[in-house]
**Q** 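Can you read through this structure? Questions will come right after.
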Amino acid sequence: MKRSTAAVLLSALVFPGAGQCYLRRYARAALFALPSALGVAYLVRAAIDRADAIVTQMQAGTLALDPELIAAQISAQSSNTDTLVNMLMLLCWIGSIVDAYLLARAESH
């Protein structure tokens with residue numbers, strides 16, 4: 001397998017920056033991996049906080065055990081920050097794929 005193909009696949013299928021690590025460009029890998037990792041941590045923390053709030057409401061009896069009501073409550077708790085974090089992560093992922101391809105291609109010439 002060509003180095004460019006391997007680098008692109010690693011960045012696309014594993015995590016942003018994985019292809020740059022494969023090409024031994026660790027500083028560039030960090031430019032893609034760190035914002036993505038922080039985004040994942042933020043989204044996981046936000047999901048845990050929302051789940052905790054919903055469970056607390058169900059235990060207090062203020063939210064019925066109805067899947068439609070629970071889904072509506074989850075939707076109501078979504079924020080614009082989540083959308084921005086998702087967009088940042090998507091940009092990191094796409095940028096990592098393109099950068100890995102260009103780096104590997106430049107090394108082969």
**Q** Nearest 0.5 Å, what's the OG1-CG distance between T5 and L10?
**A** 11.0 Å
**Q** In the structure I gave you, are the side-chain heavy atoms of R25 and E107 within less than 4.5 Å of one another anywhere?
**A**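 Side-chain contact under 4.5 Å: yes.
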**Q** Are there over 12 heavy-atom neighbours, none belonging to N80, within less than 6.0 Å of that residue's CG?
**A**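 Open.
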**Q** List the atom of L23, the atom of A100, and the distance in Å for their closest heavy-atom pair.
**A**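 Smallest interatomic distance, heavy atoms only, reads CD1-O, 3.7 Å.
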**Q** Is there a path of hydrophobic side-chain contacts, each under 4.5 Å between heavy atoms, that joins L88 and I94?
**A**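 Per the 4.5 Å side-chain linkage, L88 and I94 are not co-clustered.
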**Q** Would the distance check show the side chain of S11 and the main-chain N or O of G19 forming a donor-acceptor pair, the cut-off being under 3.5 Å?
**A** yes
**Q** Tell me whether Y42 at atom OH has more than 12 heavy atoms from other residues, nucleotides or ligands lying less than 6.0 Å away.
**A**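 Enclosed.
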**Q** Can you give me the closest heavy-atom contact between S36 and C92, atom names plus distance?
**A** OG-CB, 3.3 Å
**Q** Any chain of hydrophobic side-chain contacts (each under 4.5 Å) joining L38 to V44?
**A** no
**Q** Could you check whether any side-chain heavy atom of M58 comes within less than 4.5 Å of a side-chain heavy atom of V55, counting everything from C-beta outward?
**A** yes
**Q** Hey, what do you get for OG1 (T81) to CG (N86), rounding to the nearest 0.5 Å?
**A** 11.0 Å
**Q** Determine, using the 4.5 Å side-chain heavy-atom cutoff (strictly less than), whether V40 and L13 are members of one ILVMFWY cluster.
**A** no
**Q** Would a 4.5 Å heavy-atom cut-off, applied to side chains only, mark D99 and L31 as touching?
**A**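 No, side chains not in contact.
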**Q** Working note: M89 + L43, criterion side-chain contact (heavy atoms from CB on, under 4.5 Å); need CA distance, chi angles, decisive distance, verdict.
**A** CA-CA 11 Å; M89 291 173 57; L43 291 173; 3.8 Å; yes
**Q** Output yes when a side-chain donor or acceptor of S96 lies under 3.5 Å from a complementary backbone atom of F32, and no otherwise.
**A**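 Checked: no pair found.
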**Q** Can you check side-chain contact (heavy atoms from CB on, under 4.5 Å) on D82 and R50, steps first, answer last?
**A** CA-CA 12 Å; D82 296 350; R50 287 185 191 118; 2.4 Å; yes
**Q** Checking W93 side chain against F15 main chain: does a donor-acceptor pair fall under 3.5 Å?
**A**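 Flag not set: sc W93 to bb F15 has no pair under 3.5 Å.
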**Q** Check for me, please, whether L91 and I97 land in the same ILVMFWY cluster - side-chain distances under 4.5 Å, paths through other members count.
**A**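 In one cluster with L91: I97, no.
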**Q** Measuring only between side-chain heavy atoms, which start at C-beta, is D52 closer than 4.5 Å to T56?
**A** yes
**Q** Rounded to the nearest 0.5 Å, what separation is found between the OH atom of Y101 and the NZ atom of K2?
**A** 7.5 Å
**Q** Taking the side chain as everything from C-beta on, heavy atoms only, tell me whether Q73 gets closer than 4.5 Å to I70.
**A** no
**Q** Minimum heavy-atom separation for P35 to A30, with atom names?
**A**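 P35 and A30 have their closest heavy atoms at CD-O, 3.8 Å.
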**Q** Check whether any side-chain N or O of T62 sits under 3.5 Å from a backbone N or O of Q57 as a donor-acceptor pair, and report yes or no.
**A** yes
